[in-house]
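What follows is a single structure, written as structure tokens, with notes after it.
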Amino acid sequence: KEWTDANVTYMTKQLRSMGNAFSWDHAARSTDPEYFSWTQWMFTRFFEEGIAYRGTGIVNWCPGCNTVIANEQVTSEGCCERSGDQVEKREMPQWMLRITKYADRLIDDLDALPWPEHVKEAQRQWIGRSVGAKLSFELRFERHPEDNERRGPHGEKAAIPVFTTRPDTLFGATYLVLAPEHPWVTLATDDAHDVLDNKDEVRTYVDEARQRDEKERTDATKEKTGVELKGVKAVNPATGEEIPMYVADYVLAGYGTGAIMAVPAHDERDYAFATKFGLLIRQVIDTDGELPVTTAGKLINSGEFDGIASEEAKRAIVERFGGEPTSTYRLRDWSIGRQRYWGVPVPIVYDPEGNPHSIPKEHLPWTLPTDVDFKPTGEPPLAKSVELQERTERIFGPGWTPDVETMDTFVDSSWYFLRYVDPHDSDSFSSKEAQRAWMPVDLYFGGAEHTTMHLLYSRFWQKALYDLGLVTDQEPYTRRVNRGLVLGPDGAKMSKSKGNVIDPDREVERLGADAVKMYLAFMGPYGDGANYPWDMGGIAGLRRFLERANGLRAHVRTTVGDDIAVLLNRTIAKVTGDIDAYKFNTAISALMIFQNAAEKDGLTDDEYCTFLRLLAPFAPHLSEELWHEAGKTASVHEEAWPTADPALLEESTVTVAVQVNGKTRGTIEVPRDADESAVLNAALADPLVGPKLAGERKRVIYVANKVLNVVL
RNA sequence: GCUCAGGUGGCGAAAUUGGUAGACGCACUACCUUGAGGUGGUAGCGCCCGCAAGGGCAUGCUGGUUCAAAUCCAGUCCUGAGCACCA
């Protein structure tokens with residue numbers, strides 16, 4: 001905490017030195033007990049609602065961090081997003097948040113958000129919704145035919161449910177594949193059951209598959225492997241055929257039902273598998289192309305459904321054969337338990353029978369004990385705390401034990417914006433009045449790396465709170481802009497090892513905060529992951545601009561021409577519009593254009609002061625100083641923003657391009673809003689372009705005040 | 001492989017209800033100034049031909065629509081990002 005506080009203090013100082021106008025009294029720190037007691041309280045509410053639960057499953061274990069991490073924190077190479085170590089799969093109990101329950105809303109609510117399309121698309125893909133159906137395949141046992149008619153507790157026959165997005169290809173399903181971890185495989189290979197002819201072979205395959213690491217297993221390019229489950233068949237509900245069953249690791253246990261109906265004619269993976277194992281390939285979608293064909297089409301070899309198009313056939317076949325329309329998701333529940341010391345303790349205690357109970361509000365914050373070694377070893381450090389154990393028994397009674405995990409730090413950051421709007425409330429984490437006044441966040445800047453982590457988590461968190469009636473909005477952020485990085489002068493990402501790190505403090509000291517701030521605004525359009533190298537010359541140019549601004553007062557006159565007034569008004573309009581659109585680079589360029597003209601033609605004292613007001617947001621320090629030198633007493637930053645005079649926005653003459661057959665041949669000056677014939681006459685009379693218009697004019701197009709195109 | 005974003009001078013970039021491509025800044029060149037070496041002034045600066053006037057070419061590439069295309073359409077290549085045996 002001391003370390004964190006020192007960093008916060010340092011960064012606060014840096015931000016202040018840049019002249020940024022933040023509301024510092026609205027700050028919140030997730031490490032403050034006052035803050036994290038609310039994090040814990042929300043967790044207990046989620047626990048009571050079943051959103052937070054202790055589940056057992058396959059989790060990602062990072063050997064470098066010695067802790068479990070969430071799916072989102074694993075990179076596409078299967079490495080830890082923090083340490084870069086290869087992640088291992090382990091099966092262990094974990095605290096989870098039921099984010100999958102919100103999958104549909106997290107996707108569907110994106111449509112209405114004015115976010116960049118690529119950010120929304122990345123979230124959609126991460127959630128990975130597939131719309132399809134569940135279909136059931138009954139089993140036939142060759143060793144024990146009497147089992148074929150045996151029914152389960154609900155009168156159902158033994159069957160394997162599969163998920164498919166292509167129920168229209170059901171007639172082409174010529175075998176079934178189960179994942180190695182599929183519960184039925186586990187059942188069929190245990191000692192108590194005798195349904196397989198090749199139990200040992202299947203066991204060996206399953207064991208090998210489990211041992212293979214994730215990366216190797218999910219390599220789509222490797223050759224398919226698998227083993228037939230001999231002695232058992234599945235029945236295709238459409239054809240009534242008995243079809244073979246396989247166990248193969250190209251089917252994933254964690255997706256859909258962990259089992260698939262294989263349609264080799266219309267799925268590349270099934271095709272590869274069927275070819276290797278010599279299985280029946282039956283085409284059921286009409287096509288001229290070579291198999292496998294995965295596109296939709298008209299059905300063939302499908303009995304009564306022949307000739308029907310895929311989309312319609314999907315509905316009809318699902319209905320006819322007792323399927324259940326359903327969606328599955330790539331998204332997994334969010335695993336939040338961490339075997340670390342640093343973090344917010346999970347606010348759960350266990351009674352002597354081992355049942356979890358949430359810690360009541362009056363005992364929050366549930367703080368970290370101080371009597372443990374916090375180096376991560378793999379065992380949760382809190383498990384060794386005598387202090388924590390004693391505290392638990394003192395409050396809840398003998399035999400009670402504390403939960404010993406801490407929460408993922410992404411939990412802390414999932415609701416901080418709600419505290420910003422009401423940082424000192426002690427009755428709630430954020431009052432409804434404050435939320436109604438401030439939420440949702442109008443504009444959220446952040447890094448692209450948060451697209452499938454923080455941004456997804458905090459949207460889920462907001463929706464979960466919304467369902468509990470605790471927040472006013474379903475979405476936390478209105479607009480989103482992904483910021484880019486400032487790169488080193490060599491164009492590479494700044495890093496100490498490359499020696500290309502620019503220290504902002506030193507640049508501020510060398511050239512001034514205003515120059516640094518303006519350079520950052522001027523280097524390019526802000527957002528959408530645009531990265532810019534730090535250009536030493538570039539920032540010098542901004543310094544130059546500011547020095548000239550410093551000397552601009554010398555050009556103040558009592559009488560000046562009209563042109564500068566028009567230019568000033570256009571500048572006001574341009575800067576105002578650009579600020580609204582976050583196009584700071586072109587706003588600054590407009591200021592430069594005005595300054596260049598003012599130095600040349602002079603300007604009035606009024607115009608000078610208006611310019612200072614326009615400059616104020618970009619160069620807060622210099623503009624304030626010049627404002628006072630100009631004899632003003634109040635702060636320039638409290639002045640009203642200038643408004644453009646519409647009467648002075650447009651010059652009395654305009655430059656019109658003269659084109660012949662669409663090619664620009666010159667320009668002429670004409671009065672604004674002159675009519676077409678006047679402009680044409682002016683063009684014909686012009687000594688430079690006039691001769692080029694000689695000949696029969698087939699057509700003349702005049703775009704008011706812009707272009708005169710003559711077709712010869 | 002799928003999805004998304006993007007390709008404009010030596011560089012960062014402007015410009016889209018289709019209407020003078022390259023504003024503004026950096027770098028560069030020349031001259032001036034100056035006690036000169038990352039912070040003065042003036043001018044030039046997309047490419048090609050030309051002393052110039054002028055002309056030709058030009059917004060990744062190829063076609064198309066149009067009086068007119070960086071902008072719209074089709075195809076294609078390249079770069080970046082995300083996902084990837086997800087049924």
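A, B, ... follow the sequence lines: proteins, then strands. Residue 1 opens every chain. Quick note: numbers below take in every heavy atom, side chains included, and nothing from hydrogens, waters or symmetry partners.
Seen from the ring of A:F163, A:K134 does not count as a face-on cation partner, given the 6.0 Å and 45° thresholds. The cationic atom of A:R506 (NZ for Lys, CZ for Arg) does not lie both less than 6.0 Å from the six-membered ring centre of A:W534 and within 45° of the ring axis. At least one cation-pi condition fails for A:R479 and A:W115: the charged atom is not both under 6.0 angstrom from the six-membered ring centre and inside a 45 degree cone around its axis. Both the sub-6.0 Å distance and the 45° axial angle are not jointly satisfied by A:R483 relative to the ring of A:F445.
Using N1 to N3 plus N6-O4 or O6-N4 for Watson-Crick, or N1-O2 and O6-N3 for G-U wobble, each under 3.5 Å, B:C51 pairs with nothing. Both distances falling under 3.5 Å, in either a Watson-Crick or a G-U wobble arrangement, place B:C24 opposite B:G12. If you check B:U62 for Watson-Crick or wobble pairing at under 3.5 angstrom, you find it paired to B:A74. Under the Watson-Crick or G-U wobble criterion, with both distances below 3.5 Å, B:A43 is paired with B:U29. Across all strands shown, B:G19 forms a Watson-Crick or G-U wobble pair with B:C67, both key distances being under 3.5 Å. Nucleotide B:U34: unpaired (no Watson-Crick or G-U wobble partner with both distances less than 3.5 Å). Checking B:U3 for Watson-Crick or G-U wobble geometry (two distances, each under 3.5 Å) identifies B:A81 as its partner.
Classified by interplanar angle (parallel below 30°, tilted 30° to 60°, perpendicular above 60°), the ring pair A:Y457/A:W334 is parallel.
B:G64: glycosidic angle beyond 90° from 0, hence anti.
Note: CE (A:M518) to P (B:C24) measures 16 Å, nearest angstrom. Taking atom NZ of residue A:K706 and atom P of nucleotide B:G18, one finds them 11 Å apart after rounding to whole Å. The interatomic distance linking A:F584 (CZ) with B:A23 (C1') rounds to 20 Å, in whole Å. For the pair A:L252 CG and B:C83 C1', the computed distance is 14 Å after rounding to whole Å. Note: CG (A:L176) to C1' (B:A87) measures 12 Å, nearest angstrom. Protein atom CZ of A:R543 is 14 Å distant from nucleotide atom C1' of B:G40, rounded to whole Å. Here B:A84 presents its P atom at 12 Å from OH of A:Y255, a figure rounded to the nearest Å. Atom CZ of A:R124 is separated from atom P of B:A81 by 22 Å (rounded to the nearest Å).
The distance between the ring centers of A:Y246 and A:F273 falls below 6.0 angstrom. Ring-centre distance between A:F584 and A:F522: not below the 6.0 Å cut-off.
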Identify all pairs in which a protein N or O lies below 3.5 Å from an N or O of nucleotides 9-12 of chain B, and state each distance.
unit_1	atom_1	unit_2	atom_2	d
B:G12	O2'	A:M523	O	2.3

Under 3.5 Å, N/O pairs linking protein and nucleotides 66-68 of chain B:
unit_1	atom_1	unit_2	atom_2	d
B:C67	OP1	A:R699	NH1	3.2
B:C67	O2'	A:N709	ND2	3.2
B:C67	O2	A:N709	ND2	2.5

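A gap of 31 Å separates the C1' atoms of B:A27 and B:C77, to the nearest Å. Look at the C1' atom in both B:G9 and B:U29: the space between them is 16 Å, to the nearest Å. Nucleotides B:A14 and B:G25, compared at atom C1', are 11 Å apart to the nearest Å. With C1' as the reference atom, B:C24 and B:C45 are 15 Å apart, rounded to whole Å. Rounded to whole Å, the separation between the P atoms of B:U42 and B:G80 comes to 43 Å. Comparing the C1' positions of B:U66 and B:A53 gives an interatomic distance of 33 Å, to the nearest angstrom. Of the C1' atoms belonging to B:C73 and B:G1, the separation is 27 Å, rounded to the nearest Å. For the C1' atoms, the distance linking B:A81 with B:U16 amounts to 25 Å, nearest Å.
Taking a 6.0 Å sphere around NZ of A:K706, one finds it holds 12 or fewer heavy atoms contributed by other residues, nucleotides or ligands. Other residues, nucleotides and ligands contribute at most 12 non-hydrogen atoms within 6.0 Å of the CD atom of A:E625. Residue-environment remark: CZ (A:R82) stays at or below the threshold of 12 foreign heavy atoms within 6.0 Å.
Nearest to the side-chain atoms of A:V707 among the listed nucleotides B:A84, B:C24, B:G19 stands B:G19. For A:E121, counting side-chain heavy atoms from C-beta on, the closest listed nucleotide (B:C85, B:A14, B:C4) is B:C4. Checking B:C26, B:A84, B:A15 against every side-chain atom of A:T586, the shortest atom distance belongs to B:A15. Comparing B:C83, B:G55, B:A14 by their closest approach to the side chain of A:W126 singles out B:C83. Minimum atom distance to the side chain of A:E117 is reached by B:A5, of the listed B:A87, B:A84, B:A5. Which of B:U39, B:U20, B:C85 sits closest to the side chain of A:E547 comes down to B:U39.
Between A:E547 and A:R544 there is no salt bridge, since no side-chain N of the basic residue sits under 4.0 Å from a carboxylate O of the acidic one.
One finds a side-chain N or O of A:R544 lying less than 4.0 angstrom from the OP1 or OP2 phosphate oxygen of B:A27.
Positionally, the nearest nucleotide of RNA chain B for A:N596 lies more toward the 5' end than for the other of A:N596 and A:K222. In terms of position along RNA chain B, the nucleotide closest to A:T664 lies nearer the 5' end than the nucleotide closest to the other residue of the pair A:T664 and A:M592.
A distance-only check finds no donor-acceptor pair linking the side chain of A:R697 to the backbone of A:V710 [under 3.5 Å].
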